[in-house]
Each structure stands twice: as C-alpha cells, then as structure tokens.
Amino acid sequence: MIIGALLTQNTNWRNVEKALANLRREGRLSFSGIRKSPLPQLEEMIKPSGYFRQKSQRLKTLSENLLAGGGIDALKKLSTTQLREWFINQSGIGPETADSILLYAFKRPIFVIDTYTLRVCKRHKWLEEKASYNQAQTLFTRKLPPEVDIFNEFHALLVRIGKNFCRAKKPLCQKCPLKQFLNH
Ligand code: SF4
C-alpha cells in the first residue's frame, strides 16, 4: 500500500497496478526487495507508473530509511503526529501522500485532502479560494468524528463526486447529489 501510494503520484491507478504486478512477479514487492534491486532493474519494473527514474530513486531511499529505522513495526509504535512527520520528511512525500499512507496503511484517523475535495469545498464556499491543504484538513477534522472508516468513506465519496460530477470544466451540478448544498 505504501509503495502504491508513492507510485500513484501523477498517474492513474491502472498504471500503478502494472508496476506493482512487475514488482510482484520479480519477487520485489517489499521494502527489502526494493532495497536489493539494482536501480536500472527497479526503473524497468516501475516504468508503467511514469516518472520512473525519480520514483525508483525515492522508493529506494524510502526503503533504506524505513528498514534502517526498524521497519514497519517500529513505525507502528509512533504517534500519529510522529508518523506523519516521518513520512513528510521522506523525499517526494508531501501531505497528501503521507496522509493516504497514514489512513490506508496505518489506519490512523487522518483526513486525506485531494484535488477533488478542494474543488468541491471551494465551489460550495466551504473554503476560501486560496485555502491551504491544512485548512481543508482542519475543516473535515472539526466536522467529522475521528474514525478511520468514516474518513475513508467520506474521502471515497468526495472522489466519486469529483470524478462523476464536479469536473474541472463544466461541472454537472444539475445531476449532482450535492446540488442542494450550493449557495446561489
Ligand atoms: S453541486 Fe456537485 S458538481 Fe456542482 S459544485 Fe457542488 S459538488 Fe460540484
């Protein structure tokens, strides 16, 4: 899941699945597998996910840091704040990727903000146009009970709204289930 979160940056999940399948087939779908893979071989395996040079270097560094620090079991012992900080300090991991890892891989109650969520919130004026990632996250954290399942479901629903209705251009407000919450 953590490897997938890094590979999914700037691409779609179908391409990530191809890269993950390559890693699995070669027995390298693990941090130790990535650490021992020569860089050119790793690049070849993750090529379908795009930006493969940058991503393979990041995956290697992440695997080395993670294993040097005691692996996943050591990370599980960290508080949510410490864990988030650990991931954000890794090369190529920003707030959205870190929060996805915390929510989906570590089951920590952290709300993930993405482009869809920001767009919906701004169009409904729940957030200002210039609102930051942290401001958006605070909005959901204040309004929702801090439960992993709720954060997970809520985020998934917002992504569906974003993909099916709240498109960047020509949003389909008339057919959208959130139409009733628009302030015209
Ligand atoms: S009603 Fe739906 S499509 Fe329209 S702005 Fe709201 S979320 Fe987007």
Side-chain angles (χ1 to χ4, degrees), residues 1-21 46-52 54-55 58-59 62 75 79-184:
M1 214 177 266
I2 297 171
I3 296 167
L6 219 146
L7 291 177
T8 203
Q9 293 174 346
N10 302 309
T11 191
N12 61 48
W13 188 250
R14 215 175 313 136
N15 292 335
V16 175
E17 280 178 337
K18 288 179 195 160
L20 292 174
I46 69 156
K47 213 171 202 167
S49 72
Y51 300 93
F52 60 94
Q54 194 182 51
K55 287 181 181 176
R58 288 174 175 174
L59 273 179
L62 175 69
L75 290 181
S79 71
T80 299
T81 309
Q82 291 168 326
L83 190 60
R84 189 174 194 264
E85 205 174 298
W86 191 91
F87 276 103
I88 282 182
N89 283 332
Q90 303 304 309
S91 164
I93 297 191
E96 185 183 341
T97 306
D99 291 340
S100 299
I101 292 170
L102 260 69
L103 180 68
Y104 299 114
F106 288 89
K107 310 282 181 217
R108 302 294 176 96
I110 286 273
F111 199 88
V112 181
I113 301 297
D114 63 1
T115 311
Y116 299 119
T117 306
L118 282 175
R119 191 188 297 148
V120 169
C121 289
K122 288 176 183 180
R123 282 182 172 161
H124 284 257
K125 306 204 182 335
W126 295 330
L127 285 172
E128 287 177 8
E129 218 32 61
K130 287 183 183 166
S132 66
Y133 185 99
N134 287 347
Q135 285 171 318
Q137 193 171 50
T138 303
L139 174 77
F140 287 94
T141 306
R142 282 201 186 131
K143 302 270 182 192
L144 294 172
E147 290 173 26
V148 171
D149 288 347
I150 290 178
F151 282 4
N152 203 328
E153 176 78 1
F154 219 88
H155 180 248
L157 290 171
L158 280 166
V159 170
R160 265 174 68 182
I161 289 282
K163 282 187 176 169
N164 295 333
F165 305 99
C166 206
R167 303 163 175 178
K169 289 180 187 165
K170 298 187 181 170
L172 303 173
C173 296
Q174 290 310 315
K175 294 180 180 171
C176 179
L178 296 189
K179 182 180 167 243
Q180 58 185 305
F181 301 111
L182 268 178
N183 300 315
H184 285 307

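Every heavy atom of this structure was used, including side-chain atoms; hydrogens, water molecules and symmetry mates were not. Note that the structure is a prediction, hence the values are computed from the model and not measured. Note that ligands are numbered from 1 as they come in the structure, with each ligand's atoms numbered from 1 the same way.
Sequence neighbours left out, not one pair with a member in residues 109-121 passes salt bridge (charged side-chain N to carboxylate O under 4.0 Å, His left out). Sequence neighbours left out, the pairs with a member in residues 94-108 that pass salt bridge (charged side-chain N to carboxylate O under 4.0 Å, His left out) are Arg84-Asp99.
Taking the six-membered ring where tryptophan is involved, the planes of Phe140 and Phe111 are essentially parallel, since the angle between them stays under 30° and well short of 60°.
If you count the protein N, O or S atoms nearer to atom 2 (Fe) of ligand 1 than 2.8 Å, you get 1.
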Show the atom names and distances, to 0.1 Å, of all donor-acceptor pairs under 3.5 Å that link a side chain in residues 86-94 to residues at least two apart or in another chain.
unit_1: Asn89; atom_1: ND2; unit_2: Glu85; atom_2: O; d: 3.2
unit_1: Gln90; atom_1: OE1; unit_2: Asn65; atom_2: ND2; d: 2.8
unit_1: Gln90; atom_1: NE2; unit_2: Trp86; atom_2: O; d: 3.1

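The heavy-atom pair separating Ile46 from Ala19 by the smallest distance is CA-CB, 3.8 Å. Taking both residues in full, the closest heavy atoms of Ala5 and Thr97 are given as O-CG2, 3.8 Å, listed atom of the first, atom of the second, then distance.
Counting heavy atoms closer than 4.0 Å to ligand 1, residue His124 contributes side-chain atoms (C-beta onward) but none from N, CA, C or O.
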